Chemist: 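Here it is, the structure, as structure tokens.
Small disclaimer: the values here were computed from a predicted structure and weren't measured. Below, all heavy atoms of this structure are taken into account, side chains as well, without hydrogens, waters or symmetry copies. For ligands, and for the atoms within them, numbers begin at 1 and follow the listed sequence. Counting from 1, the numbers follow the sequence of the chain as shown.
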Amino acid sequence: MSNVAGTVPNNVHIQQWVKQMAAMCQPDNVYWCDGSDEEKEQLTKVAVQCGDLLPLNQKVSPGCYLHRSALNDVARTENLTFVCTEQQEEAGPNNNWMAPAESYDKLGKIFASSMHGRTLYVIPFLMGPQGSAFSKVGVQVTDSVYVVLNMRLMTRMGKIALDHLGNSDDFTRCLHAKADLDMERRFICHYPQDNTVWSVGSGYGGNALLAKKCLSLRIASKLGQQEGWMAEHMLIVGVENPDGEITYVCGAFPSACGKTNMAMLVPPVSMKGWKIHTVGDDISWLRVGKDGRLWAINPEAGFFGVAPGTGSNTNPNAVRTVKKDTIFTNVALRDDGTVWWEGHDDPVPANAQDWRGKPWDPEGGSPAAHPNARFTVSIKQCPTYSPEWEKPEGVPISAILFGARRQKLVPLVYQSFNWQHGTFLGATLASETTAAATGAVGVVRRDPMAMLPFCGYNMGDYWGHWLAMGKRASNPPKIFRVNWFQRNERGRFLWPGFGENLRVLRWVIERAKGGGQADETPIGYVPKAASLSGDGLEISKADVDQLVSVDRDAWKNNLKSQSDFFDTFGDHLPTGIKDEHKALAARLKA
Ligand code: OXD
Ligand code: MN
């Protein structure tokens, strides 16, 4: 029998489920979290005692801690992530698949008695504002106090979730155990038909904070298909023009392609009167409103951002956000108890411990911080935090951006002809891979809607759902493709990016409202160079021309790779997507 502490909720469905999970995992203690400040203090002490957290210099960085993960546990492991449906076809070629019975059995054996000597924490959490029709409740059990403290920042945790749920059994059952952190016994399995996630053998954010990728994207995408809404890997940002009018934009980008930077962008000095309002940096849940527009909420409550590359020159608002009450994972530690990473404002430290806790040699050739080192912090600490984040109805979306990392081919920005063509632009998204997942970095892979690792069902059916949503919305957002990452022949980035991306947003918003200057090309509407340059943009006319040019031959050569990819979806590929591919081929030939 385990010792029980904390506040046991009245909801009998939660009680029963936790009892079953505890019977399997056999913890010494069960602790029910309530999400209070006192609890945070107490659990932080526990985390420090057990070595999960290292206190940082509390004078310089109050409330900040460092976590060092196991060396083999630093990123999402997509090869060990499964969607477990009765039929493999339901999961589609975009997911690894296991039959539910086999998977429950396999993982059950790893979970069995895995919490001997440990505490099982029960975390009720709410994704979305309390009382909102958008919001969903999850309950995660975990043996990691680091996970509890991260979930506290990333979700609305504890009593608020229980109040939203009442006596209902409509909650996602999220079971997590670190077990022995052995890669051979690491699995992240999703059971959409049971509204359940089981994750074992990893403590890394995307694998272990089950509210994030597992619930808010993989499980939620399937719920959205069934219930008529969408769960997307998108930031949400409000862009205020000098007249004080705010337009909301969603943007889907693969991991580590600058979503957090864009969500809290600082306008360039030359764009006086423009302001950014941050609603979310990673996930959007979208529904059709009574007015026929798409409305979005950010279900999360915090940022789990990539630290390296974050500095005052790239993302000054993130620098300010992480000044206090932040958990850093796998960054470097300086002698004075403060953190550092590549791209940090401060100079390279002479004396520091690297992310593994070993003395770091600046000349040694290996980075001080892991390239996927992270900060976890509440959204409310962001200087551009938008109180609209709390709105139960969300914010109305005027434009959707699909972005990816491409050195060549894809112009800085172009607009789709309509929703179906926009869905095609999302479906053909491809990007050079980053360090957010294990595997080779810099390889071009297809990543439709930036959802390839996160779509919890057959992606062909998911595109069908996109097309159906476009039909249901009488006034859907306009859809655009963007690419901040074009390089010239010598490998230099052509576009300055960061704050200057607001110029692209300005054109996007003009177009979404029916204005803006554009040229029609076979791939879509491309801005006239003059729409981007002017008022202080310091790049040459030749570079701007190249940024918005369309290389027909290169696009023709790209058609085959698109159709090869689409062919893998067989009968699940919607006619609308096939039609768009044919139409693109015809326009390129004309
Ligand atoms: C993330 C990711 O952590 O996409 O947001 O990997
Ligand atoms: Mn992400």
Chemist: Under 2.8 Å from the Mn ion (ligand 2) - does any N, O or S atom of A450 fall there?
Modeler: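 A450 does not place any N, O or S atom closer than 2.8 Å to the Mn ion (ligand 2).
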Chemist: What class does the angle between the rings of F485 and F493 fall in, given that below 30° is parallel, 30 to 60° is tilted and above 60° is perpendicular?
Modeler: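 It falls in the perpendicular class, over 60°.
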Chemist: So is R76 actually on top of Y204's ring, under 6.0 Å and inside 45° of the axis?
Modeler: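 Relative to the ring axis of Y204, which defines the angle, R76 lies outside at least one limit.
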Chemist: For ligand 1, run through the N/O pairs with the protein that fall under 3.5 Å and put one pair on each line.
Modeler:
unit_1	atom_1	unit_2	atom_2	d
ligand 1	3 (O)	R374	NH1	2.9
ligand 1	3 (O)	R374	NH2	3.3
ligand 1	4 (O)	K213	NZ	2.9
ligand 1	4 (O)	H233	NE2	3.3
ligand 1	4 (O)	S255	OG	2.5
ligand 1	5 (O)	K213	NZ	2.9
ligand 1	5 (O)	D282	OD1	3.3
ligand 1	5 (O)	D282	OD2	3.1
ligand 1	6 (O)	R76	NE	3.1
ligand 1	6 (O)	R76	NH2	3.1
ligand 1	6 (O)	S255	OG	3.1

Chemist: State the atom name: nearest N, O or S atom of D282 to the Mn ion (ligand 2).
Modeler: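 Looking only at N, O and S atoms of D282, the one nearest the Mn ion (ligand 2) is named OD1.
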Chemist: Assess K213 against F454: is NZ or CZ under 6.0 Å from the centre of the six-membered ring, and within 45 degrees of the ring's axis?
Modeler: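 Checked: cation-pi criterion met.
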Chemist: Cation-pi check, R173 to F171: give yes when NZ or CZ is under 6.0 Å from the six-membered ring centre and within 45° of the ring axis, no otherwise.
Modeler: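 Cation-pi check for R173 and F171: passes.
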Chemist: Just jot down the ring pair (Phe, Tyr, Trp, His ring centres under 6.0 Å) partners of Y457, sequence neighbours excluded, or say none.
Modeler: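 Partners of Y457 under the ring pair (Phe, Tyr, Trp, His ring centres under 6.0 Å) test: none.
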Chemist: Does R406 count as lying over the ring of W495, i.e. NZ or CZ under 6.0 Å from the six-ring centre, within 45 degrees of the axis?
Modeler: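 The answer is no, since R406 fails at least one limit relative to W495.
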Chemist: Ignoring hydrogens and angles, tell me if any N or O in the side chain of T428 forms a donor-acceptor pair with the backbone of L425 under 3.5 Å.
Modeler: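 Yes: the side chain of T428 pairs with the backbone of L425.
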